[in-house]
Amino acid sequence: MSGTDSANTPQMEQHSFSAEVGQLLDLVVNSLYSDREIFLRELVANAADAIDKRRFEALTTPALALPENPSIRIVPDKKTKTLTLSDDGLGMSREELVENLGTIARSGTRAFGEKLTHAKPEERPSLIGQFGVGFYSAFMVADRVEVISRKAGTDTAASWVSEGKGAYALGSAQRDHAGTDIILYMKDDATEFLDSWRLRSIIRKWADHISWPVILREEKEDGESEDQTVNEGTALWKRPKSDITPEQYKEFYQHVARAFDEPYTTLHWHAEGTTEFTALLFFPGARPMDFMEQSSRESRIHLHVKRMFITDEAHLVPNWLRFVQGVVDTDDLPLNVSREMLQSTPVLARIRKAVTRRVVTELKNRAQAGGDEFISFWENFGLVVKEGLWEDSEHRQEIAEFARFRSTHDDGFTTLDDYISRMKPEQETIYYLVGDNLEALKASAQLEGFRARGLEVLLLSDAVDSFWPDRLHSYKDKIFRSVAQAHGDLEKFAAESEEQGEPAEMDKLIPALKDALGEAVKDVRSTVRLTGSAVVLTTEGGPDLAIQRLMRRSGQELPATPPVLELNPRHPLIRALADRVEKGEGVSEHARILLDLARVQEGEPLPDPSGFARSLAVLLAGKVDA
Ligand code: ADP
Ligand code: MG
């Protein structure tokens, strides 16, 4: 038997939730009313996780071994209006109760709160799963939750009690063996969850794939009660493909990925040969909410041995394929495989290789089939796939073949092959421009000369885009070059339309500006690549300014490299300045404003914004004579 000394006695120690937990509780309780049944999925999943963890820990610490026939037990009691879930898992110490149930270790909570408030009701349950705030969903149905837990390997139990209103209490408790009980004191309007038919159907819906038995106590007509295992717990992937319906695949995907969308691709195969394994993998149909914020870039494909869950940290595919979800199961490893062994065994190396090969092939096939489905897949995960262009030398060229890019050609996506097919006869280079977002890129002055000459430019706005073009270097012998550094290339190509206006005489203006700007620029020169703008900034012998910005934002230290200021000799502003210099008037104030204008246009921060504002005000008032 287990139990607390009656709760809230003086021995109980009162604690407050961290502020974030408080907020979250409010949100979960108040915005998820219609989806309340998922509390059971969350609690059962936690119990199953705890049993998995204990089994894995016991491999290295035999004292933690699971009891015979470990299970998850659910006992409804209509008389006391309680629902109790018990498991034989790893359990929690007093400190762990505080850490796991009293605070939120991860940072996504606020974001979660905002998403939740704005999400459509039908999207809300999936949010809960994705952000792992599962335990608190208990407060949707209970106005008081009591947790009694005994950590495996210890002989004391602790209790945690809360009414979900800002505070919880800790105390000591008894429990005969390791594991956790969660006792829900049901709200008056949630007693439906004490009906066994209701519980059974929820478990069948949400927890059928849990591999440990979920045992429900059912009261019979005669007042007797009976324990029944309600989940199937069969390893779906071990069944022949022909026996599995699309609906079952989908349910399994949602279970294993904790997702709510339809999978885009389902891959189910059995590999035979030197290493035998079965894999059931999915490409998600939607991008998980916190996908890009996840601190881990590693794959979470589940590794099973002889149907037993071992770990989701076996890195079964390279990081750029981390969107792939699912299960790989092999008989070629021992059930008591240790962490060390997982790192060194050639069996796993072979499985990794084969799984990766199959996934890459599927990606290629999907890309070839194309269509809206692939485009939306690419919009969801392309930015992760492109990481492979940078860090996976083995697959880099293959990825380049199917990758999709925005370009100046049209509003859709293009492949590199299509880009090449549209290249000018004398063009040898794949031009690209990196920037913060697509709209800014489309409007960039850097593109003017390329547009005027009908040269297509790839528009790259994902963070990873600042890294891969250098690494990939070329595709089908065409070298990648940033337009921000390709000023010399344009002279080779004729402009498609008449250039506007007479060019100014630049011979005196350029030295005057150089003189005025000094160290702030590396050079000042005339350019043919502007058609509408007066000035543009470029770099020489270093990364593009946009790339430097992205790199600094991602925390890298970079030496400041002064930019090159390029001038459009046909622009009225430049012509006016050239006239001033001809007449022997000063341009030093103008020079600084010109450089700042170029910075603003480029999205660069101004070194002295108020100085810029002052100078501009004076200039607009027509009072400059510097
Ligand atoms: P998540 O499961 O995503 O981590 P939860 O809110 O569901 O988030 O649970 C928080 C943590 O509480 C879990 O990570 C786990 O450490 C602990 N926990 C919850 N339920 C149990 C349980 N039945 N046995 C052991 N630990 C548990
Ligand atoms: Mg959970």
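Just so you know, ligand 1 is whichever comes first in the structure, and atom 1 is the first atom listed for that ligand. Every heavy atom of this structure was used, including side-chain atoms; hydrogens, water molecules and symmetry mates were not.
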Under 4.0 Å from a heavy atom of Ala50: give me the atoms of ligand 1 that qualify, with their elements. 24 (N), 25 (C)
Between Leu43 and Ala138, what is the shortest heavy-atom contact and its length? CD1-CB, 4.3 Å
Donor + acceptor pair across side chains of Ser299, His315 (<3.5 Å): no
Side chain, backbone, both or neither: which part of Leu43 has a heavy atom under 4.0 Å from ligand 1? neither
Please confirm whether Met92 comes under 4.0 Å of ligand 1, counting heavy atoms of the residue only. yes
Check each heavy atom of Leu101 against ligand 1 and say whether those closer than 4.0 Å belong to the side chain, the backbone, both or neither. side chain
Test: Arg94 and Glu13 ion pair at under 4.0 Å: yes
So is there a nitrogen or oxygen of Asn46 less than 3.5 Å from a nitrogen or oxygen in ligand 1? yes
So, is the end of the Arg287 side chain (NZ or CZ) under 6.0 Å from the ring centre of Phe323 and within 45° of the ring's axis? no
Is the count of non-hydrogen atoms from other residues, nucleotides or ligands lying under 6.0 Å from Asp243 atom CG greater than 12? yes
Determine whether the side chains of Asp52 and Trp212 contain a donor N or O and an acceptor N or O closer than 3.5 Å. yes
Any N or O of Asp49 closer than 3.5 Å to N or O of ligand 1: no
When you compare ligand 1 with Asp87, is there at least one nitrogen or oxygen pair between them that comes in under 3.5 angstrom? yes
Would you check whether Phe135 has a nitrogen or oxygen atom less than 3.5 angstrom from a nitrogen or oxygen atom of ligand 1? yes
With Asp88 as reference, evaluate Arg150, Arg73, Arg175 under the salt bridge (Lys or Arg N to Asp or Glu O under 4.0 Å) test and give the passing residue. Arg73
With heavy atoms of Lys53 as the reference, note each atom of ligand 1 found under 4.0 Å away. 16 (O)
